[in-house]
Every structure is written in C-alpha cells, then in structure tokens.
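The structure appears below as structure tokens.
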Amino acid sequence: MTSTDLTDFPALVANLDLETKVRLLTGATSFTLHGEDSIGLAPMAFSDGPTGVRGLKFTGGEQVALFPNATLLASAWSEDTAHEVGEMLAQEAQRQQIHVVLGPTINLHRSPLGGRLFEAYSEDPLLTGRLAAAYVKGLQGQGIGACLKHLVANESETLRNYMNSVVSEEALREVYLLPFEIAVDDANPWSIMAAYNDVNGVPATEQDHVNNEVVKGEWGWDGLLMSDWFATKTSAPAALGGLDLVMPGPDGPWGAALVADVEAGAVPESVIDEHVCRLLRLAERVGALGGPDAHRVWPTDSWAPDAPARREQLRRLATDGMVVLRNKGGALPLTAASATSGTVALIGRHAVETVCMGGGSAQVNPPYQVSIAQGLRAAIGDRLTVVDGVEVRERPLPAAPDSISDPVTGAPGMQVEHLDADGVVMLSEHVDGADVTTGFDETPPRPTEQLRLRARLAKGGRVRLGALGTGRWRVSLDGADLGGADLVAGGADPGEGMFKPPHWTADVDAAPGALVEAVLTILRTEPQPGPDGKLSTLSHVLASGMGVKSLVVAPVPAPTDEVIEAAVAAARDAETAVVVVGLTPEQETEGTDKSTLALPGDQDRLVSAVAAAAARTVVVLNAATPVLMPWAEDVDAILVVGLPGQEGGHAVADALLGLREPAGRLVTSWPAADGAAPAWVVEPTDLQLEYTDGVFIGYRGFHAGHAEPPAHWLGAGDGYGSWEYESAELTGTDTGVTVRVTVRNTSDRESREVVQAYFQPDEADQPVRLVGWGTATVPAGGHADVEVTTDARLWRRWDTAAGTWGAPLSGGELLVARGLGDIRSRLPLA
Ligand code: BGC
C-alpha cells in the first residue's frame, strides 16, 4: 500500500489495535461517528431522512427544507422525481456537512394501519425499489451516502422493538426483500439500516441469514450495515450476524463486551476487521478518509431552505403527486367556474393548520409551512372565505412559536432553563419553538434533573395551558399554580415518549403578556425488562426519562355544533365549498399504528353537512395513507394532497386551480371498510406477527379475492385528462416482455398518463403483480406511444424446497391498466 491508497482498507485496519477498531463500531453521539486521526478518518455525520435533512438534533435544530412526504412523491410514479429529490436532499446535506442521509424508507404498505406508511413509498415492491434506486442515485451522485431502511419486515410499529415478524422465505424474497434487492442491484446504496424487529425468531440486527447470506453474500453488497437507533441487543450475535455499526453512541452493547468476546474467541478478529473495512469504505465514498487534505470540501454557496428556486421545486413536486380520486362533472379544476369570478368557502382545521409532515424521526424544523388557507388566499384573494373546522386531535399541539415570546429576549419562542440535582441552573437558552428533547440532543449528555419552560402569552382570553412529555409537571400562570401531573408514556416502546407524548392541560382566562411557566422534574426509574422479558439498552433508555418535552398554549375548542353551523352557512353563501379533512401525526407517525381508517373527530359529519348545503363540494384530503370516505358519493370532487411539505398550501392551490395538473396515481389500495384488506392486524399476538398474506400483499390480495374489492386500487387517479387506450401490443418477449400502448388524451387540456403493466400468471398460487409502467404527457386531443419495459425480476419464483430461485414463470397474461379496477387490455403471453 502507498500512503495515498485510500481503498486498501485491510491495510489501514492493520494499523489499529482491537480496542480502537471496536470503538469505531459504535456511534460517538446520537448522529455522529468517531474519527481516527492515525488513519486519516474524519468523524462522519448522519441525519434523518427521508423527507428533509433534519441535522444533528431531534428538536430545535437548524431550519431546513421540508419536502413533500414519501407517498406523495411516489404518487408521481416517476424515477425522475425520485432522482431530483435525492439531489435536493444531497444539497441540504452538504449545507449542513452531513455525510449520510438516513433514507429512503422502503418497507412496504402491508396493513393500511401502519403508522409509518407515510414515510415509505408503496405497497408494491417494484415501484418502491425503482423509486428507491433513483433516489439513491440522486443522493450518491452528489457524494452523499444513502441508507436503505429498515431491513427487513418492519411494516408496522406496534411493539416494533420486541415483536417477531413471521414471514415465509418466499414472501421475504419475492416481496419484502425485493425493494432492497432492486436498490442494491441498480444503485448500490452505501449503507443500510437493520430494523428493530425480529425476523423469524432472530433480531434483524443479528440476522446472519438476511444480512450475511443474502445481502452481503448473494447480492454481493459491499456497504455498511448500521443498526436502527438503540436496536442492537447483543454483542457477539450481532457482530457475527452481519451488523457493522451500532447506533447511536456513545454507549451501547458493543464496546468492552465485544473486545472481551474477541479475546475469548467468541468472535474472530477478522469479523471486526471486516466491519471496520466497510466503515472505511463508506468514509472513503463520502470523502471522510485520507486525512484533512483528502477530506471533502463542503460547498459554501448552498441554497437556503427558503431560496426561491427551492420553493419552486418543492411546490412543483408536491402538486405532481396529488391524486384526483373523483371529479364529477369536471368540478375540478376550479379555474373556469370559480377562480376568476366565483367565491370559495374553504372549510376545515386542515385548511388553517395544514399537516405538512408526518410524525417521528422524519420530522424537520422548516423555515415556514404554507397552510392551504394561505396558499389559496394568495391565489384568489378576497373571493375566499376561510372557516375553521371541527377538532381533529386528541393531544394538544406544542405552542405555535408566534403565540408565545421569550420573557428574557422578547423573541418568539420560549426560555428554557436546565437545572441540576442541586437546583443550580446549568444552562439557560432561548428556543425558537416550544419543544426540548432531553437525553438525546445534548453532546455530551447533560445531567438535567429539572427543566423550566417560560414564555409570555402573545394574546389574552380563554386559553388552554399545559405540557407534553413524560415526567412530573407543575404549571403556573403569573406565579399562580394551575396544577400538574406525573405523566408516563403509554406503551412499552421508547418511541412513545418521543412520538406520542402524554399531556396535561387546564383551561384558564389569561391577560396578554401573562407569564406561563411549566416546570418538569425528570422521573428516572429502575430499568425494567421489556415485554420480551429482557433487560436491554431500551430498558435503560426508557428508565432515563428521555424524550420530547413541550409547552402547550392553545385555543380552547369551540363546540362542534357551532363549528358545523358556521361551516354550513359559509358553504351556502359560496359557489364552491372546499372542505379540507385529514389525519394528523397522531395517526401518521413513527412509533405507533392506527386502529381505524376513519377520519378522526367529527370530520365525516362536517363533510356531510357541507355537502348537503353547498352548490358544489370539493374535498381535499390532507393525509398520506388510506382513509374511509362514507360521504364520497355525496361530494363532487376528491383531491388527495398527502403531507405536502413546506410549500403545501401553494401546491394545493395550484392543483385546485389547475395551474398544474395533480397527475398522481395511488401508491396503495384504499380499503372500502375497516378490516377489508388482505392484511389488517398490526398488534402482535404473544409478540408474534404472522405475515399470513404471504406474497398476496395489497392489490395482489384484493385481486385474488382475499378481501372485498377496495374503494380505490393502487394506480388509480384521474388527473385532469381523460384517456382512450387505442392499442396495446407486445413488442418483445425474448429478453424480457415489453409492451407498446397507444393512448389518446380525449380531454381539452394537456395531461399526463401513467400506463401500468401487470403480469397475471396462470398458476393459482401466484399473485398478479405490477411489472412495469411508463408515462406520457400529451396535449389535448393528442396521442402517444408509451413503451413499457417490464422487469424480469418479477417473473422469478422462489423455490422453497430447493432454497433458491426456481425456473422463471411463463405463460399467463399481461394486463394493461389504470389500476386493476380499470383494465384496458389483456395480452396473452406465450
Ligand atoms: C427510526 C429510524 C431513524 C432513527 C434515527 C429510529 O427511531 O426508526 O428510521 O433513522 O430513529 O432517528
């Protein structure tokens, strides 16, 4: 090796002693790694991901761009979009000197109850894998590492740290591993994250079969496998099971225990060397190896998160994924009928408090979030009347930054004091929002025993005051005690303390400028075994009281009947009523699952009342994942806008007014009723969650009759065009099936079509599956030939008895469709 050969990793590793090597294999902090000067290794920085680059802190970090959520981006069915998103994320990472972005999330939408589906692309493995590959290429083309997550069978959140996903090898290979395989084959991601759950009785962080045999072995993947945060349970089994890096640090189950395992002969030192080589390969790829001269130079002229060009991208990408699910009589776009002359009553809590992102580790701190009310107001001015809707949350929101001010600096936000065990103030700082994360965001950890959150109220009147987060709270107003409570998180998952914090509030009358103070005493307990009966890193995390703590200042909700009456009156007075309904991060979040697809609160009642009164009703659905719409037949149009990111309101206005076509197609089938899905249950029984649907995930199971037909199929969506499929012919079958489809846009405006090809095998035990798609943007009245190249990986069949891929399927039919509810051609395959 010469001194400049950065790729001779074994030679570099040979310079390190065992302790040093093992030290490198656990994070240094929550999101950084150790460096090692003696071999020119710089500390690397990781950041969530996947729909924005949050930086090194969970709350209160830098302001960064908030992207549309993953399902909304995926609904464009566009690898170009995914590639552009990867490039944009790379720029966001470069500005913050982040080496690896923790995304994309490529678990599948198995049960529609999964709380984290908003963060992943689809129920379909091909769509997911192909979009992931494009995203990875976009990121890594700019020298920033991607991290596929979470390997594997992590499709729901309930008890995710302790549960066992029971999945057949066939379903693993053909469905759940497939997006990972496609992304590895097509884009070579530099890192992958091992999931929290067990897979067939073995923790994902110890999965010799998946990690070593399949991913590193059969696929020949040479990247770094890191654990999900706090997921590693053991030393030797994880080190032997293919895990390269334990996250986060500085503590964890490796360190001295792993050194001892090597010294005792339980883990060969060559295994440690291999892990370190992979870490160095990642470092070399992201420019963190070779000493300061070789380290990457970060750009200094990056776009700010609110730069005009960034705003344009985020607005365009959001609109492109929005899905028109119903459009009776051409109610949309509003252009002709309403926008130029007519009046619009915009109704709903989601209109004024638009949910622009989901909850959990995908959250970021954006510079601004445009509500739909703001976006539509900017577009049509005073032809718009805005009316708040019914309550949609059970948990209060942290105070909006402009509803409180710091009593010391006067700036929007609050003053936070950290006190030690003796009551001495260790730190007093201004925080822009109303959240603080304890036990996770500080480097090194601070011995905080008490937190004092202090703020002045911007407005007076009847107000709801209180606190969110685990611990012992006391809340006061101008020195008068209002009460408090000992709050504990609901579930066994430490995620619940972070993502589903318990709360306490009181309704009071307050004067403007009154001082509200919430004092939190952190409650530490003895670590308790988890539901699996084991003491683990997680037991210690839970016992430490770690989590998000927030100050609550919120309006006291008006009675539902009054709200609905006001909405109905406004709807009657306007030419069009636009009702915005949806979910919130109480449903669409990491750390917990849903129990129903019904909209929360009295939103269904609100829509029905408005639809009965209005001349024309358009429903805008501000949610990423399936919901039930019992009023669907009573409204004129339904537009699904996902969680549209910081430009959300402008993007929705563009879609409603037809300034840009909402040309998205669903990425998941929407069940017609609770329970009516091929996979529904997300609650493990005795910690076991059986993937009983096998390879019949989502539309595959619906199509096979495993559940009553869905309300809407994967691939459905009308856009603003209308399409005739004039012809479809097979153009290649030798090296792979291709099909040429001629489509005509029979509408009077330019539109984009997504032509989908599905393979229906003859064998009854084989599900229908998406094998390719193509798109065309066609002027009014025009036609286009769309060539769809199908993916040969979807013709493979896992041979369980032989433990290998068997002969590929043959025969069957190719279906050309706009979702399987609207099949336009059936082509027999030889
Ligand atoms: C999530 C990961 C995330 C990690 C770091 C975990 O809770 O499952 O997706 O990257 O936290 O924030």
Side-chain angles (χ1 to χ4, degrees), residues 26-33 44-61 64 69-70 89 93 98-107 114-121 132 139 145-163 165 180 189 191-197 203-205 224-232 243 245-249 252 357-365 437 439-441 443 489 491-501 536-538 541-542 546-548 585 588-593:
T26 294
T29 69
S30 291
F31 290 103
T32 60
L33 304 193
M44 287 184 274
F46 297 174
S47 165
D48 286 306
T51 40
V53 180
R54 191 182 62 237
L56 300 181
K57 292 182 82 176
F58 190 73
T59 52
V64 302
N69 81 293
L89 289 169
I98 297 290
H99 299 88
V100 175
V101 172
L102 304 173
T105 304
I106 57 172
N107 300 112
R116 211 174 173 180
L117 305 189
F118 76 92
E119 214 187 291
Y121 294 126
L139 253 179
C147 179
L148 307 181
K149 63 190 190 183
H150 311 81
L151 188 72
V152 64
N154 178 196
E155 270 68 39
S156 50
E157 295 295 284
T158 308
L159 290 166
R160 62 180 176 169
N161 285 291
Y162 311 98
M163 53 84 77
S165 296
F180 289 90
S191 68
I192 296 182
M193 189 185 293
Y196 285 117
N197 50 284
T205 47
L224 174 100
L225 184 68
M226 70 181 82
S227 72
D228 200 341
W229 269 231
F230 306 110
T232 318
L243 188 74
L245 173 70
V246 170
M247 287 303 288
M357 60 180 152
S361 61
Q363 276 172 244
V364 301
N365 179 21
T437 304
F440 192 66
D441 273 350
T443 310
D493 191 307
E496 302 230 352
M498 298 282 275
F499 311 136
K500 201 181 176 183
S536 66
T537 314
L538 289 170
V541 171
L542 269 174
M546 181 188 96
V548 182
E588 295 193 312
T589 183
E590 177 178 341
T592 170
D593 293 313

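For the numbers below, each heavy atom of this structure counts, side chains included, while hydrogens, waters and symmetry mates do not. Atoms within a ligand are numbered from 1 in the order they appear, just like the ligands themselves.
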Report summary line: For Thr205, the side-chain hydrogen bond (donor to acceptor under 3.5 Å, both in side chains) test, sequence neighbours excluded, returns none

Report task. Show the protein residues that qualify under the rule heavy atom under 4.0 Å from an atom of ligand 1, listing them in chain and number order. Result ->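 The answer is Phe31, Asp48, Leu102, Arg116, Lys149, His150, Arg160, Met193, Tyr196, Asp228, Trp229, Ser361, Glu590, counting any residue whose heavy atom sits under 4.0 Å from ligand 1.
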
Requested in this report: Look only at the side chain of Asn365 and the backbone of Gly61, and say whether a donor-acceptor pair between them is shorter than 3.5 Å.
Outcome: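 Present.
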
Report task. Measure up the Phe440 and Phe230 rings against each other and bin them: parallel (under 30°), tilted (30 to 60°), perpendicular (over 60°). Result -> tilted

Query raised in the report: Taking only residues two or more places apart in sequence, or in another chain, which ones meet Ala120 in a side-chain contact (heavy atoms from CB on, under 4.5 Å)?
Result: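 Partners of Ala120 by the side-chain contact (heavy atoms from CB on, under 4.5 Å) criterion, ordered by chain and then number, come out as Thr105, His109.
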
Query raised in the report: With Glu119, which residues qualify under salt bridge (Lys or Arg N to Asp or Glu O under 4.0 Å), at least two apart?
Result: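 Only Arg116 meet the salt bridge (Lys or Arg N to Asp or Glu O under 4.0 Å) criterion with Glu119.
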
Requested in this report: Would you mind checking if Lys149 and Asp48 are paired as a salt bridge, meaning a charged N to carboxylate O distance below 4.0 Å?
Outcome: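 Salt bridge: yes.
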
